Structure formats: structure tokens, C-alpha cells
Amino acid sequence: MQNLQNFRDYYEILGVSKNATNEEIKKSYRRLARQFHPDLNPGDKTSEEKFKDINEAYEVLSDPSKRAQYDQFSVFWKQNGFAGSKSRKTSNQANGRTQDVNPAKYDNFDTFIDQVFGVKNQAANTSSSYTDSTNTDPFRTPKTKVAYTPNSRPTRRDIEARLTLPLEKAYQGGLERIRLEDGRSLEVNMPPGMVTGQTIRLRNQGISGGDLYLKITVQPHHVFKLEGTDIHCQVPITPCEAVLGGQVEAPTLDGLVKMTIPPGVRSGQRLRLEGKGYPDEKGKRGNQLVEIQIITPKNISPQERELYEKLREIETFKPRGNLIK
């Protein structure tokens, strides 16, 4: 347990009740961390101190083990020192034994927790002892010695974060800045070919050496639609291009490419651009499927109208011929 001076009420700091769920604690922490984050309050020492208090409270209450300890011993938080306190039977955390403890013999709560319960962080794999020489009860053995091994390392905790990317950025990968719930900001070199639902593990970027699990969401694109490793898109062409065929430019994730339209192509017909799709986890790319859309103009020039009139007079194509028997 850290920074127990002044017996801080961590529930009050986070603005939650003692019966608050983990989700309620997390929600309140996120709201307060955003409100008092130093980046959003430059030069404000009060906000900076408040931000430290919020993180301190969350570190304890978000950890089930630390929260249980805090709740168990919080009866002493309300006291100004320990003078006048009665002896209590207290279970030693290290060996499970029960002993009589008189809080009045301790100057402050830190000393009480450190000596009796072994809560404070100390050097790893070391043991300390406390000798109670104040017991004058003739029916109890004086100078009871209690050994304990304090926890020397903070609790390791994995955390999650979410990252939403446009399709082009998910395809290319590269550096991305991520803001975490504890206020940290990380710059991460993301891999290419990310997809929605993918989870990327960042080792040792969690709490106290835990891992960070980054969940990816790729935003819908206004031109491209992903289906597995294939990319679908629509390309509009003119009636003349549909009749005569030729080359048109088609968009891909690599930029515009030349695509050959066969003469007499139909609206809705799909053409394939091989190897221009999305990469799989091994880097192999799918195909891009281009759906042709024949678009007729609404506004034409007088010269175009004249040519269309002449074409109508001489054209031999009869699309409705099979409707007449």
C-alpha cells in the first residue's frame, strides 16, 4: 500500500461508494484523469497534485488484493493517531497466525502497517520481526515474535486499449500515438495489414510490467469494402467507354492504376485486379474486384446532342428486340 500518510480516503478521491464495482471505479477514474490530466491543465499545480492522488487511489482500488487490504484496515483511517486504541486480534498476512495487536503503541498508520501486517514494499526475499513486549496479561505469553515476508514488488496487471484507424493507415501500418487510461501516451510502430477485431500484444506496456492488449478497429471506407483479403469497389464509366472499351483509371490502396475495359462491358460486370487486394497475416495479398457502373450524362452540350441523334438514327443494336414476338 503506497502513500498512506494522512489516511487518504481513496473512495472519496475517486467519488465512488465503498460498494462500487470495478467498472464504476474504472469509469470514474477515466473521467477524473481526463479532467485533471497535466497535458490539459498546463502549469496548474493543483490539477497536477489531484492527478497524482487519482492515480494513487486507482492503483489501490483497481487491484482486488490491495483493495481488500485497504478495506480490511480502513477502520484505522478514521483515527488521529492510535492513542487510546484498544488491542485487537489481527491476522498476520504472511503466516496466517492471529495475534493481539495494540495500535496505541504506534506513532502513525504507516508504522503500524509496516511492522504488523508487512504491507510496505521492502527488499525481496527478506524477513523482519516485531516483538510485542507491552503485554502484561499474566495469562498470555509475553514477547510474542511474529515473522513476516513483505511483498517487494507491485502487482503486475495487463490492460486493454482501443485504436481506430482509417483503412489506408491500417493497410500501411507505421507510427501511431496511443493514449492509455492511466494517462500515459505511447508511440507505437504498428504492423501493416491490420483488420477489425485484431488484438496486438505490447509486452511490458501494462501496469507494473504487465502487457498492453491493443484492440484494432478499421473504419469503413467510402470507396473500398473489405471481404477477407479481397477488396471490392465500383468504377463509373461513360456509355462510349462501355461500347468501345479501352483503358480507365481505377483506385487501389496503392494509388490509381490503369485498367483495361473490354468493348461492350455491362453495368454490374466485375473485373479483377490480381494482387491488388488486402494482405493476409503472411503478407500475401488478395485481389481487387472492380464493379463497372455505366453512368449516363444528365447534361450534354449541343454538339454531343447532335452526335447522339445521329448515332440513334444509324445504330443497329436492338436491346428490346427479344420482347417482341
Side-chain angles (χ1 to χ4, degrees), residues 2-3 13-16 22-63 153-226 228-229 231 251-255 277-286:
Q2 301 177 3
N3 300 323
I13 289 174
L14 292 183
V16 297
N22 290 338
E23 188 60 33
E24 290 172 337
I25 290 173
K26 181 184 292 186
K27 183 178 180 180
S28 180
Y29 166 75
R30 287 176 174 173
R31 176 178 58 81
L32 293 172
R34 284 194 297 268
Q35 180 180 349
F36 294 99
H37 196 283
D39 289 352
L40 302 179
N41 301 275
D44 188 339
K45 294 297 182 182
T46 301
S47 293
E48 183 177 344
E49 290 303 317
K50 181 69 173 177
F51 184 73
K52 292 179 181 178
D53 292 344
I54 292 166
N55 278 284
E56 177 182 316
Y58 183 68
E59 181 181 354
V60 173
L61 298 186
S62 64
D63 185 289
R153 299 178 61 187
T155 302
R156 179 183 183 275
R157 185 162 66 89
D158 295 340
I159 60 175
E160 290 185 358
R162 296 185 179 276
L163 178 62
T164 301
L165 299 163
L167 179 61
E168 292 89 347
K169 189 65 177 177
Y171 166 67
Q172 295 171 357
L175 293 177
E176 285 291 326
R177 184 165 293 278
I178 304 166
R179 179 77 66 179
L180 303 181
E181 65 180 38
D182 59 3
R184 286 182 295 150
S185 180
L186 298 180
E187 192 172 62
V188 181
N189 191 19
M190 307 300 294
M194 292 175 282
V195 295
T196 294
Q198 180 179 355
T199 298
I200 297 176
R201 179 185 181 189
L202 302 176
R203 295 180 181 272
N204 304 321
Q205 295 298 329
I207 303 298
S208 301
D211 296 334
L212 167 62
Y213 290 88
L214 195 58
K215 294 187 177 296
I216 303 300
T217 298
V218 180
Q219 295 174 337
H221 197 272
H222 69 288
V223 173
F224 303 116
K225 181 180 179 182
L226 279 181
T229 58
I231 296 177
T252 71
L253 287 175
D254 301 315
Y278 210 71
D280 61 17
E281 57 186 13
K282 296 182 179 180
K284 184 178 179 180
R285 297 183 63 173

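The structure displayed is predicted, hence computed values, not measured ones.
- Here the shortest heavy-atom pairing between F51 and A33 reads CE1-O, 3.7 Å.
- Between Y58 and Y29, the two ring planes are parallel [angle under 30°; tilted spans 30° to 60°].
- The environment of CD in E187 is crowded: more than 12 heavy-atom neighbours from other residues, nucleotides or ligands sit within 6.0 Å.
- Not a single donor-acceptor pair under 3.5 Å links the side chain of R34 to the backbone N or O of L40.
- Atoms NZ and CG, on K27 and L32 in that order, are 12.0 Å from each other to the nearest 0.5 Å.
- Side-chain atoms of L212 and L186, non-hydrogen and from C-beta on, do get closer than 4.5 Å to each other.
- Partners of D39 by side chain to side chain donor-acceptor pair (under 3.5 Å), not counting sequence neighbours, listed by chain and number: R179.
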Using the side chain to side chain contact (heavy atoms under 4.5 Å, CB included) rule, take L253 and I231 through it: C-alpha gap first, then chi angles, then the decisive distance, then the call. CA-CA 9 Å; L253 287 175; I231 296 177; 3.4 Å; yes
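- A distance of 8.0 Å separates CD1 in I25 from OG in S62, rounded to the nearest 0.5 Å.
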T199 and I216: CA distance, side-chain angles, deciding distance, side chain to side chain contact (heavy atoms under 4.5 Å, CB included) verdict: CA-CA 6 Å; T199 298; I216 303 300; over 6 Å; no
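- Pairing each heavy atom of G193 with each of P279, the nearest pair is CA-CG, 3.9 Å.
- Taking the side chain as every heavy atom from C-beta outward, P192 and Q172 never approach each other to under 4.5 Å.
- To the nearest 0.5 Å, atoms CD (E48) and NE2 (H37) are separated by 10.5 Å.
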Please evaluate residues D280 and T229 with respect to the criterion side chain to side chain donor-acceptor pair (under 3.5 Å), reporting the C-alpha separation (whole Å), side-chain torsions for both, the decisive distance (0.1 Å), and the verdict. CA-CA 6 Å; D280 61 17; T229 58; over 6 Å; no
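- Side-chain atoms of Y278 come within 3.5 Å of backbone atoms of M194 as a donor-acceptor pair (strictly under, hydrogens ignored).
- Under the 4.5 Å side-chain criterion, counting only non-hydrogen atoms from C-beta, L175 is not in contact with M190.
- The distance from atom CD1 of I13 to atom OG of S28, rounded to the nearest 0.5 Å, is 11.0 Å.
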Verdict with reasoning, R184 to Q205, per side chain to side chain contact (heavy atoms under 4.5 Å, CB included): CA-CA 10 Å; R184 286 182 295 150; Q205 295 298 329; 3.9 Å; yes
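- The CG atom of L214 lies 9.5 Å from the CD atom of E176; values are rounded to the nearest 0.5 Å.
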Check step by step if salt bridge (Lys or Arg N to Asp or Glu O under 4.0 Å) holds for E49 and K52. CA-CA 5 Å; E49 290 303 317; K52 292 179 181 178; 3.7 Å; yes
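- Among all heavy-atom pairs drawn from L14 and A57, the shortest one is CG-CB, 3.9 Å.
- At least one donor-acceptor pair under 3.5 Å links the side chain of Q198 to the backbone N or O of V195.
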I54 and E59: CA distance, side-chain angles, deciding distance, side chain to side chain contact (heavy atoms under 4.5 Å, CB included) verdict: CA-CA 9 Å; I54 292 166; E59 181 181 354; over 6 Å; no
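- Looking at N41, its side chain never comes within 3.5 Å of a backbone N or O of D44 through a donor-acceptor pair.
- H221 places no side-chain N or O within donor-acceptor distance of the main-chain N or O of P166, the cut-off being under 3.5 Å.
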Return a table of donor-acceptor pairs under 3.5 angstrom between the side chains of residues 157-165 and protein atoms on other chains or two or more places apart.
{"residue": "D158", "atom": "OD1", "partner": "D211", "partner atom": "N", "Å": "2.7"}

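- Applying the side chain to side chain donor-acceptor pair (under 3.5 Å) test to S185 and every residue at least two apart in sequence or in another chain returns R177.
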